[in-house]
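Written below as structure tokens is the structure these notes are about.
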2 protein chains.
Amino acid sequence: MARREPLNREKVLDAALELADGEGLEGLSMRRLAKALGVEAMSLYNHVSNKADLVDGIVERVFAQVEPPDPALPWPEQVRTAALSMYRVFSRHPVVPLALATDRSNPTSPHAMAAMDGLVGALFQAGFDERGAWRALGAINGLVFGALLLSTGGFTGAPGVHAGEEQVGVYIRRLDPARLPHFSRLLAWTTKGGVEPPADFEQALDTLIQGLEATAKSGHSG
Amino acid sequence: MARREPLNREKVLDAALELADGEGLEGLSMRRLAKALGVEAMSLYNHVSNKADLVDGIVERVFAQVEPPDPALPWPEQVRTAALSMYRVFSRHPVVPLALATDRSNPTSPHAMAAMDGLVGALFQAGFDERGAWRALGAINGLVFGALLLSTGGFTGAPGVHAGEEQVGVYIRRLDPARLPHFSRLLAWTTKGGVEPPADFEQALDTLIQGLEATAKSGHSG
DNA sequence: GCCGTATGCTTACACCGTAAGTAGATCACG
DNA sequence: CGTGATCTACTTACGGTGTAAGCATACGGC
């Protein structure tokens, strides 16, 4: 009667994150997770109260990897590094932004709040008042999550960045250059390579930060 | 034997959109949709090949409401109106951004491409080359969808804007002002009202556009 | 009138999250 | 040591999901 190595919340969450990274959020089911752990589905409920709780757990676990910015740096640099850190971490675990957008749950995760605190601190340093900081925070988070969700989930206004080249070709052939001149010109360019999501995001972020610097100077309330 | 009024794709999609708007994307199931139409689930498959096809259909239908910008206006104004139009339309139908982020499907929708074409045209007018336009487009779409998904789905780095005031109170009490000084200061402000998602988005958009103007002037490739 | 086609219903399958009940192993305490 | 409490895992079951397969009915063109 060799007892199996005991399960615990940490192991469950680790396995869940691995499964979700590999199979996507839809591929993460209690039954499949249990099977991966060599256990029956209902046993998981000893360590996790819900599927929602499970998802919250992996979100929190990933947020723990986000590095808060160094308050000694100039504020635009803080915003830059914090946003980039979020982007990088979530790129490795695309389930997380999706889970945050899908479920209505969460936001009481300590690590998530810590990450936000750093960002907000930088915005206060910039001279924003509460309203301005709130709006700037929305802009930053929106850009980070939007970029991740669009590049992951499928819609860039173009075929996913993951699509093979032949697919893109079909796509382009379907659109009428006479009716959509600009968009087809742009898509033609994307097929020649040159699309690099991380660099593209970094550029978009810098653009936003430039805007933030301008509005921070001109008026406090953003 | 009074025949029932015949079904067609349009009626199915209309009912699906209405159901999804009312009950959320999760509430949209073939069985429930069929019941709403006074029909059995499998009958829907005569007008729709898939659930994915159904969702694509409502996405396309909503995209049709997005107004392309007027090419005669100055380009920042074009970007502004186009992005705002997307934001407003999708605010009325929050299922759509969620569906785009969730499913890996879609993007061959004519109306969606038309909306993108207008935006890209404005960016070319601004003097961006392909790479710059691509990145600017990513920034704009990212911001629009990110703002929508975060305000809808739950995570603003704060309790959802929809959360009742007492919930927010509980939330704030849970966080330690000593450990998270900036974030708790910001959240304290949000409880006093003043959070207005449309205005907040508009401000974020203007900030981004300011950044776009700066980068458009300084160099072509964004 | 007749037949192909389109429409709708019925049944069935494999999956999902999880409530409820139960068996067995482990541990604290007398 | 015995004994009871607790904790873990398993089994079973319910109502939900998307949809494949088969069958009945009604309509349009000849």
Who pairs with Asn50(A) by side chain to side chain contact (heavy atoms under 4.5 Å, CB included), at least two apart in sequence or on another chain?
Ala52(A), Asp53(A)
d(CD, Glu23(A); C1', dC16(C)) in whole Å:
16 Å
For atom CG of Leu44(A) and atom C1' of dT18(C), their distance in whole Å
12 Å
Partner residues of Ala83(B) under the side chain to side chain contact (heavy atoms under 4.5 Å, CB included) criterion, sequence neighbours left out:
Ile140(B), Val144(B), Leu205(B)
Please enumerate all residues that pass salt bridge (Lys or Arg N to Asp or Glu O under 4.0 Å) together with Glu23(B), with sequence neighbours excluded.
Arg32(B)
Would you please name every residue forming a salt bridge (Lys or Arg N to Asp or Glu O under 4.0 Å) with Glu202(A), sequence neighbours left out?
Arg80(A)
I need the CG-P distance between Leu37(A) and dT8(D), as an integer number of Å.
15 Å
Any side-chain heavy atom of Val195(A) within less than 4.5 Å of one from Asp200(A)?
yes
Using OP1 and OP2 only, check whether a side-chain N or O of His47(A) sits under 4.0 Å from dC7(D).
no
d(OH, Tyr45(B); P, dG18(D)) in whole Å
6 Å
With a 4.0 Å cutoff (strictly under), does any side-chain N or O of Asn50(A) reach OP1 or OP2 of dT18(C)?
yes
Rounded to whole angstrom units, what separation is found between the CG atom of Asn46(A) and the C1' atom of dT6(D)?
12 Å
Report, one pair per line, the protein and nucleotides 11-17 of chain D atoms (nitrogen or oxygen only) whose separation is under 3.5 Å.
| unit_1 | atom_1 | unit_2 | atom_2 | d |
| --- | --- | --- | --- | --- |
| dT17(D) | OP1 | Ser29(B) | OG | 2.8 |

Please identify each residue that fulfils side chain to side chain contact (heavy atoms under 4.5 Å, CB included) with Pro68(B), with sequence neighbours left out.
none
